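Bear in mind that the values here come from a model prediction, so they are computed numbers and not experimental data. Chain naming here is simple, since letters A, B, ... match the order of the sequence lines and numbering starts at 1 in each.
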Amino acid sequence: MLRKDHNPADPDDSPRPQLAKAYIPADTEDRIYKLWEDSGAFTADANSTKEPFTVSMPPPNATGQLHLGHAVMLALEDIFIRTARMQGKEALWIPGTDHAAIATESVVIKQIQKEERIPDPRASLGREELLKRIAHFVEKSRGTIRSQVRKMGSSCDWSRERYTLEPTLNRMVNEVFVKMYADGLIYRGHRIVNWDPKLQTTVSDDEIEYKEEKAPFYMFQYGPFQIGTSRPETKFGDKYVVMHPDDERYAGYKHGDTFETEWINGPVTATVIKDKSVDPEFGTGVMTITPWHDATDFAIAEHHDLDKEQVIGFDGKLLPIAGEFAGLRIEDARPKIVEKLKEKGLLVKADEEYVHNLALSQRGKGPIEPQIKEQWFIDVNKRVVKWNRKEMSLKEIMQEVVQTKLIKIIPERFESTYFHWIDNLRDWCISRQIWWGHRIPVYYCSACQFAQTEMSLESGVLNHENSKLKTQNSEFTSVQSLIQCPNCGGQVTQDPDTLDTWFSSALWTWSTLIDQKLAEDPSVTFEDLLRQSPDFQKFHPTTVMETGYDILFFWVARMILMTTYAVGQIPFETVYLHGMVRTREGKKMSKSDPETMIDPLDIISRYGADALRLSMIVGQSPGADTKLYEEKIAGYRNFINKLWNASRFVLMQCEQAGIDPKTIEFGHHVELSLADKALLSALQDLILDVTRGLEGYRLSDVGERLYSFVWDYFCDWYLEVSKGEVNHAVLIHSLRTILKVLHPYCPFVTEEIWDSIKPTDAGFLIKEQWPIYDEEIVDRESYQQLQIIIDIITAIRKLRQEHNVPLDKDLTVTLVTAEHTELLQAQMGHIKRMARVAEIFIQESRPEGEIVSAFLTGVEVHLSLEGLIDPEKEKASLLKEKENLEKFKAGIEAKLGNAQFMERAPEKLVVEQKQKLAEAVEKLEKIKERLNGFITHS
RNA sequence: GGGUAAUUAGCUCAGUUGGUUAGAGCGCCACAUUGACAUUGUGGAGGUCACUGGUUCGAAUCCAGUAUUACCCACCA
C-alpha cells in the first residue's frame, strides 16, 4: 500500500520501499479505510470470550452534514474503541442515524412549499403521502452522513448500523410505551404544555430557550386593585384576582368575595382568591390569572378549582372571547388593547424599559405559547421501578445509579448539574403533533369513544399489550383498518400524535442490540427478546457514552431513565462529556456565518483526518469548550509529517544497510548502545503513561505525551544519535512500538507506515496487540547517562550561539569531570558530531586561555575561543547565573533550616532538596572560581 | 434569583491527589539551508499564575471574599 517507485538508476532494478517526501493524507486515507472495512476489522463477535467494550454512537441526524461536534465525538470514541480493540477486548462501536423528527419534517415541508408551491403540505398531501415523501428524502440523503463518518477514520461496525425509525426500534418503542402505560407511568391528561404555534406542535420543557427582550410592562386598574402585566392580550378572560392570604393591605377582602368592574370589553364579575404562591413584594401584590396560558396560573386554578378559558388559539390568534380583537395576531392586538384600556382610563402606567425573558422554541425559534392541551405524559414521581428490591420513581432511580457510582460522569462536576436538573424535573410531555416519528401506539374506537373515551382508550392499549396488534404495529405506517374495537366491534383509529424523538433515542444503547430477525416475530415476548439477542447479552450495558454536555439532559438522563426502567440495567458505565467547538474568538460556529465556520470535510481534505483528530483532542479537557482554528490544525499536520519523515529516515537506514525491515525481529540477542538502552527504557515509560492515561480517560495528556516523545525525544535525540551509530533492530522495534501506541490517535498515518515496517507475518496495525509495559527493560541509569550527553551538547550549542561563534569555526571543547570520564570518552563521537565540535579534551582541571564556560552537574563545559570572546559579556552572563543560583540556594537553605519543614515534610522531599542544594553549591563554587579568573586577567 | 466553571507567556491551553527555579504549541527575535523532514533544525526573549485575606513548614494548586467572563437552571403576574 505504500508507493513503490522503480528507480531507473538502480543497477539491479529491484524496487525498494521508498516513502514520498511528505505525507499526503488525501492519497492515503480513503484507501486505508476501505482496506480496514473490507478486512472485517471493525466487526465485533458476539460469541467471543473476550471482555466486551461497547460504545453506542450518538446517532447523527440521518439527513445531516458532518460538523465539528460530530468530528470531536467520532475522534474521541474512535480512540476508546481502537485502544480497547488492541488491548484484546471485544470492541463494538455501533453506528446509526437519527430520524430527527421535527427537524426533518420541517425541512421537507419547507422544500415542498418552496418547490411545489403548496402552502400547506400537511393538509394538501395527507399523512401517508407526506410520510412517504419524508422517508424518500431521508433515504436519499442519509448516505452523505455515512460516508462523512467514515472520513474521520471511525472504526465502527457498519454491519450493525441502526436507524431510530427502523421496525425493530419501533417495536421496542411500543413495548416500552405499553409497559409504562400498564405500570401507570404513562398517562394522558389536560395539562399546560409548551405550544409552538409556528411548528404546530407541543415541545418539552427542555426544548425551550429564553431570550431577553424589552417589552412594556403595564399597570392597569382592575376594580379596586392595580394589576401588572406584560401580556394584556391574555387578559380577556381574567375574572379572578389573587393575593397572598397574609397580605395586610388586602385584609379587608375575603377569599370568595366578588365585585363588578369595567374591563376591556365591558363589565365583568371578579372573584377574590387568596393563595400563598403570590409574592406580596412583587408589584402591588395582586394579580389576575390566565390559567389557560400560564403554568403558575394553571396551578392556582387547579388548586382552587377555578374556571379556565382559552384566549389564544393554537394558530396564535385571539379567539372570540376577545370580542372586537378576535382573529388578530398577538403582536397586532397588543397595542390596540392597551390603547382601548387607556381610553377607558384604566391604564395606570407603562414601564417601557421592562426586560423580561421571552420563551422561544429551540427548533423553530418562534415564540412559545403555553396552552392547555390533552397530551401524553410520563410520570416521573410514581414509584413503580424495581431496583435492588426497592420500588423507586423514575426520578429516584436516575439519582440512585449516579449517586452509587454505578454510572460515573466525566468530568465529575456535571453530576451536580445532573442532580439539579432531576430536582426540577416535571412530568415529561411525550406527544408531538407532527407526523414524522414513532406513532403513539394507542387506539380509539370511533363508535363508542364519544360515550366512553377512557374505556376505548384503555381497551386499545390493553389489546395491544395482549399482543394482538403487535404485528401490524411494528411498521410505523398506520393499519387501523384492520383493527376492531374489542368493546363494541366498531372501527378503531390510532392516536394521530407521534412520540418525542428523545423517547426512542432514550432506548438507543439497548434497542440497537436487539436481534432484528427475532423482533419480527410477534410471539417472542419483550423479555425473551432481551434474553435471546446475542448482542444484547454480550454488549450491554455499554462501556462508555461519549457525547456533548449540551445533551446531558435531553439524552443522557433520559437513557438512564428509560433503560433502568425497561431492561433493568444501566445503559453505560461511564459518561464522557466533551465541550462545544468554538471559533478562536470563542463564538459558536454557525452556518449563517461562513467566515467563522470550519467544515471538517474541508479540513480533512487539506490537512488529513489524523491532524484534525489531534487538534481537537490535545489541549482539550472534558466538559470544557474548545477553540479551533486552522493554525492549530496545521501544527498537528506538521507533527504527522514529522512522524512520516522519521519513518522515512528509518527505512532509508535499513535500505542503505541492505536490510529488509520486515524481517527484523527484536530480541535479547541485539547488542545495545547507551542510546539504545536509554530509548528502550523511555519507551517503557511511554507505554505505561499512555496505557494508564487512556484508562483514566486523560486523552489530552496522553496526546501531548505522545507528541512530545516522538518529536522531542525520538526524533531530536535518538534519530540524531543514530546518524553516528545505527542499530536497525532498535530503530524498527521502537518505531513499531510508537506506531502502536499512536495508532488510536492518528490511525491513518500509522497504518500506512506500519505497512512498510511490520513483521512479515503481521496484519493490519488496527488489529495489533497493544504493547505491554516491561519493567525489566527500564534502565534509569542509561537514561540518565544519555541525559548528561544531551545536556552537554545543548550547553555547547548555547555557548556557541551566545558568543556568535560561526558554525564553520573549528571548535575545541574541554570537559572537566571527576566522575564521568568513562562515559564521556565513550560518547565523545556523538558530542562532536551533534554539537559540531572539532576536538574534545576530557580532563580533571580547567583549561588555560580565553574560554567561555557552562557548569552542569558533575561536568564543566569550556569552549576555547581565542580572540572571539567578549569578556564583559561572559562575565555578565556568569554573574547572572551566580545570582540565580544564590537565590535558589537561599530558598532551599531556608527550607532545610526550618525545623517544622524537616519534621513534617516527607523524607523523599528532604533528600531531594539536599541533593539539589549540593548541586547548587558545587556549581556556585565553580562559577565563583571562574569569575575570580576574570578578575586576575583584567 | 439559584447553580457550575473559568481567569497561568502576545494568542490557544496544560499543570493528576499542595512540595517543579511554573510547562507546551502558535506567534516573536537571532542563526542555520539542498544529507528524514522548511510541514525543518539550533538557540533565545517573554509569566509577581485576576485581586484580597486565610489555612499550612510549604499554595498556581486548599478555604473565604472581591472583580471580570462564560455557560446551565428557574422565572414572578
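- The gap from the C1' atom of A9(B) to that of A24(B) amounts to 11 Å, rounded to the nearest Å.
- Partners of W428(A) under the ring pair (Phe, Tyr, Trp, His ring centres under 6.0 Å) rule, at least two apart in sequence or in another chain, do not exist in this structure.
- At the heavy-atom level, Y354(A) lies under 4.0 Å from the strands shown only through sugar-phosphate atoms.
- When heavy atoms are screened at a 4.0 angstrom cut-off, S621(A) is found touching the sugar-phosphate backbone but no base atom.
- Across all strands, P906(A) comes closer than 4.0 Å to base atoms (heavy-atom distances).
- For the ring pair (Phe, Tyr, Trp, His ring centres under 6.0 Å) test, no residue two or more places apart in sequence or in another chain qualifies with F282(A).
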Practice item. Sugar-phosphate atoms are those with a prime plus P, OP1 and OP2; base atoms are the rest. Using that split, label each nucleotide of nucleotides 3-8 of chain B B, S or - for protein heavy atoms under 4.0 Å, 5' to 3'. Key: -SS---
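- Rounded to whole Å, the distance from CD on Q900(A) to P on U55(B) is 14 Å.
- Not counting sequence neighbours, the partners of R249(A) by the side chain to side chain contact (heavy atoms under 4.5 Å, CB included) test are D247(A), P280(A).
- Within 4.0 Å (heavy atoms only), K235(A) reaches sugar-phosphate atoms of the nucleic acid but no base atom.
- By the side chain to side chain contact (heavy atoms under 4.5 Å, CB included) test, K887(A) is found to be paired with no residue, residues two or more places apart in sequence or in another chain being considered.
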Revision key, fill the gap. B/S/- along nucleotides 27-38 of chain B (protein heavy atoms under 4.0 Å) is ---B-S---BB-
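- Atom CZ of F217(A) is separated from atom C1' of A77(B) by 6 Å (rounded to the nearest Å).
- What separates CG of N638(A) from C1' of G41(B) is a distance of 14 Å, to the nearest Å.
- Look at K895(A) and you won't find any side-chain N or O under 4.0 angstrom from OP1 or OP2 of G58(B).
- When distances run from any side-chain atom of K627(A) to the nucleotides G41(B), C76(B), U12(B), the shortest one goes to U12(B).
- Qualifying ring pair (Phe, Tyr, Trp, His ring centres under 6.0 Å) partners for F553(A), counting only residues two or more places apart in sequence or in other chains: W421(A).
- Between the side chains of S277(A) and D275(A), at least one donor-acceptor pair of N or O atoms lies under 3.5 Å.
- G635(A) comes within 4.0 angstrom of nothing in the nucleic acid, heavy atoms only.
- Taking the P atoms as reference points, G19(B) lies 11 Å from U61(B), given to the whole Å.
- No contact: Y23(A) has no heavy atom under 4.0 Å from any strand.
- For K723(A), the side chain to side chain donor-acceptor pair (under 3.5 Å) criterion is met by E720(A), not counting sequence neighbours.
- Between the OH atom of Y210(A) and the C1' atom of C73(B) there is a distance of 10 Å, given to the nearest Å.
- In this structure, K887(A) does not reach the U21(B) phosphate: none of its side-chain N or O atoms is under 4.0 Å from OP1 or OP2.
- Side-chain to base pairing of N424(A) with C73(B): no donor and acceptor N or O lie closer than 3.5 Å to each other.
- At a threshold of 4.0 angstrom between heavy atoms, the contacts of D297(A) with the nucleic acid are absent.
- Looking at residues two or more places apart in sequence or on another chain, you find no ring pair (Phe, Tyr, Trp, His ring centres under 6.0 Å) involving Y718(A).
- Counting only distance, with no hydrogens or angles, the side chain of D610(A) and the backbone of V749(A) share a donor-acceptor pair below 3.5 Å.
- Of the N and O atoms on the side chains of R833(A) and H830(A), at least one donor lies less than 3.5 Å from an acceptor on the other residue.
- For the pair I208(A) CD1 and C72(B) P, the computed distance is 15 Å after rounding to whole Å.
- Residues satisfying the side chain to side chain donor-acceptor pair (under 3.5 Å) test with R584(A), not counting sequence neighbours, are E631(A).
- Base pairing in RNA chain B yields stems of at least 3 consecutive Watson-Crick or G-U pairs, both distances under 3.5 Å, namely B:1-7 with B:67-73, B:10-13 with B:23-26, B:28-32 with B:40-44, B:50-54 with B:62-66.
- Side-chain atoms of S204(A) and N194(A) form no donor-acceptor pair, as typed in the model, at a separation below 3.5 Å.
- Spacing between atom CD1 of I617(A) and atom P of A14(B) amounts to 14 Å, rounded to whole angstrom units.
- When heavy atoms are screened at a 4.0 angstrom cut-off, S700(A) is found touching no nucleic acid atom at all.
- N357(A) comes within 4.0 angstrom of a nucleotide base, judged by non-hydrogen atoms across all strands.
- Nucleotides U56(B) and G2(B) are separated by 32 Å at their P atoms, to the nearest Å.
- Note on K632(A): every side-chain N or O is 4.0 Å or more away from OP1 and OP2 of A24(B).
- Nearer the 5' end of RNA chain B, as judged by each residue's closest nucleotide, is the contact made by A624(A), out of A624(A) and K798(A).
- Atom C1' of A22(B) sits at a distance of 24 Å from the matching atom of A67(B), rounded to the whole Å.
- Qualifying side chain to side chain donor-acceptor pair (under 3.5 Å) partners for S647(A), counting only residues two or more places apart in sequence or in other chains: none.
- Atom CD of E209(A) and atom C1' of C75(B) are 16 Å apart (whole Å).
- In this model, a donor atom of one side chain and an acceptor atom of the other lie less than 3.5 Å apart for S708(A) and D712(A).
- In this structure, OH of Y707(A) is placed 6 Å from P of G25(B), rounded to the nearest angstrom.
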